[in-house]
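Per chain, numbering begins at 1; letters A, B, ... match sequence-line order.
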Number of protein chains: 2
Amino acid sequence: MKVFEVVGQTRSFTRAAERLNLTQSAVSRQVRNLEDELGEDLLIRRHHHLELTPAGAELLATIQEAFHSIEVSLRSITEKSNQNRLRINVPPTFAKRWLLPRLPRLREALPDVDISLGTEAADTLAERGLLDCAIRFGDGEWPMLDASILMTERHVVVCAPSLLEGLKIEGPSDLQRFTFLHVLASPDRRYLTWRHWLDAAGFQDVDTRGGLEFDLLDLAIEAACAGLGVTVADRSMVRNQLQTGQLVQLFDVEVEGHESYWFVTRPQAVNDRKVDAFRTWLLAEVAADRVA
Amino acid sequence: MKVFEVVGQTRSFTRAAERLNLTQSAVSRQVRNLEDELGEDLLIRRHHHLELTPAGAELLATIQEAFHSIEVSLRSITEKSNQNRLRINVPPTFAKRWLLPRLPRLREALPDVDISLGTEAADTLAERGLLDCAIRFGDGEWPMLDASILMTERHVVVCAPSLLEGLKIEGPSDLQRFTFLHVLASPDRRYLTWRHWLDAAGFQDVDTRGGLEFDLLDLAIEAACAGLGVTVADRSMVRNQLQTGQLVQLFDVEVEGHESYWFVTRPQAVNDRKVDAFRTWLLAEVAADRVA
DNA sequence: AGCCAAGCATTCCATTTTGGAATGCTCTCA
DNA sequence: TGAGAGCATTCCAAAATGGAATGCTTGGCT
């Protein structure tokens, strides 16, 4: 039953199996059993995707609602001392660079809401009921979830002021002297932020192949602060360091990235007071940022 | 989970076990496991009865609703050709004597509703989702169910006209000559309808100890029709026989019983079109009866 | 047209979960 | 204070569930 719910969401036995920590074989049989019991097909097995039959669609809707309400009830029991806890997951860099500095203001704005902050790279908002909401980086397209845009990344190049001592930085060749700090999208693939920025700046023939790689932007920024090299970073993530002089910006080139930070919720969360209050606060904060 | 639902309803591990076709031991551990998982007690184990903790009460309510909606959805799939079937259980005598003769009228009134009629002595309305509603005989007090009164029994004494040939029936002693037909409440206990009727009629010293016993009023009435003796019966159940002359009433004494026929539904059924239409029809029918 | 790969079905066996029977424990009531 | 009702516990058996390997079907691609 639970299995069918996930299959319905993922529209794939294989992906459902992953989400459920089962094998595809187990999922296949569970669904088959359910169909047998009902004497009615729930899914149309097409190749390379599944479709729901009308019966399946109706059952899926019912099951989702029922399970959700049970899950909420269960949670409110497990943590009944924490009725007012807001559980969120936030990308690590965003958490550290943007949210953490604003936590005092958040507490002030929502004094009666406790916050549980997770920084998993891949949150479980769609899969489990543990999270109330999340902030995600991407294009805002996530199936079965609602997303409101918070901010689009704006890339600037920064480094520690110590690196610049006695140097004049005016063009591509000056840049080439520094160590490049990169952020990895996956263990063997970099984000192309340097490429985009260089294109926008009109710098040809800069060799970015060398340099240090980090799996988190946060670490790249830390490295830059430590004077290890130059990095491309989202302006919002280094605002503080620029203000205090820990980092300085090189060139007056700012590139709008094609991905953004989004506030993401399950559709059912529309009538959750906490989530709503948090969304409102977030949107107000980012609006204030833009003015500043 | 399902186990806890039934325990919550029955307020007893043992009875829950019976209903679930499990042993008390299995039920005990299921509930214990659930409590352990939640880290919170759901039940207060008092001796000779269980109480729900606040957490347990909340969870029970949620679970009941969730399971019910799933069950309905499941049923509508299993029998999707029978979306418009109304499943009812009716006491056997009521079914045969009152409802069956009116079925044509019912079909006329609700032409698009198919009827599934069961006549179990103890229906499963509270326990399973199979029935949409039921008619029950009793005092109208059934936990977790809604009941609307249909009619209170009115006892009269009847027998076949052949028994009276050449006799004049005027008092207790005349009555004593007949064979008494009794209805059993349980294998070793009669309903006290004869007693009540004799008291109301003011007949002392009638010995009712002998006679034939039946487990259903219906059989007693059949026996009376066959000229086997005299019986006390609810007027509504023999209306037809009195009209056609198959039975005749002895004495002009009519006793109101202290139990009634009720239309019983689960609380969730309030917004079920079929059930509502049936209730309306039933109430109109009994109202018409009273006028006639 | 035919091959390849993606993805569901199937089979067989191991693991885990669930259930039953017997027994123990504790509280209530007479 | 003893009996009995009713929940807890223990131990073992049975059933359900899951995993790995493998088979099958089909849509896409050359």
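Within a 6.0 Å sphere centred on CD of B/E120, other residues, nucleotides and ligands contribute 12 heavy atoms or fewer.
One interatomic measurement links the two molecules: CG of B/L50 to C1' of C/dC27, which rounds to 13 Å at whole-angstrom precision. The distance from atom NE2 of A/H49 to atom P of C/dG7 is 12 Å, rounded to the nearest whole Å. Rounded to an integer number of Å, the gap from CG of A/L43 to P of C/dG7 is 15 Å. Between B/E18 atom CD and C/dG19 atom C1' there is a gap of 16 Å when expressed in whole angstrom units. Distance CZ (A/R15) to C1' (C/dC8): 13 Å, rounded to an integer number of Å. The distance between atom CG of B/N33 and atom P of C/dG19, rounded to the nearest whole Å, is 10 Å. If you measure from atom CD of B/E37 to atom P of C/dT17, you get 10 Å, rounded to the nearest angstrom.
Note that CD of B/Q204 is 7.5 Å distant from CG of B/D199, once rounded to the nearest 0.5 Å. The line from CD of A/E5 to CZ of A/R19 is 9.5 Å long, rounded to the nearest 0.5 Å. The distance from atom NE2 of B/H68 to atom CD1 of B/I63, rounded to the nearest 0.5 Å, is 15.0 Å.
Between B/E71 and B/R266 no salt bridge is recorded (no basic side-chain N to carboxylate O distance below 4.0 Å). A/R136 and A/D123 are joined by a salt bridge, as a carboxylate oxygen and a charged side-chain nitrogen come within less than 4.0 angstrom of each other. In this structure, B/R15 does not pair ionically with B/E18, as no charged nitrogen and carboxylate oxygen lie closer than 4.0 Å. Using a 4.0 Å cut-off between charged nitrogen and carboxylate oxygen, B/R75 and B/D132 count as a salt-bridge pair.
Close approach of DNA chain D to chain A, defined as any atom under 4.0 Å from a non-hydrogen atom of the protein, starts and stops at D/dT17 to D/dG27.
Shown for residues 23-31 of chain B: residues whose heavy atoms fall under 4.0 angstrom of DNA chain C, namely B/T23, B/S25, B/A26, B/R29, B/Q30.
Side-chain contact between B/I135 and B/W262: absent, with no pair of heavy atoms (C-beta onward) separated by less than 4.5 Å.
In this structure, A/N21 reaches the sugar-phosphate backbone alone: every heavy-atom distance under 4.0 Å involves primed, P, OP1 or OP2 atoms, never a base.
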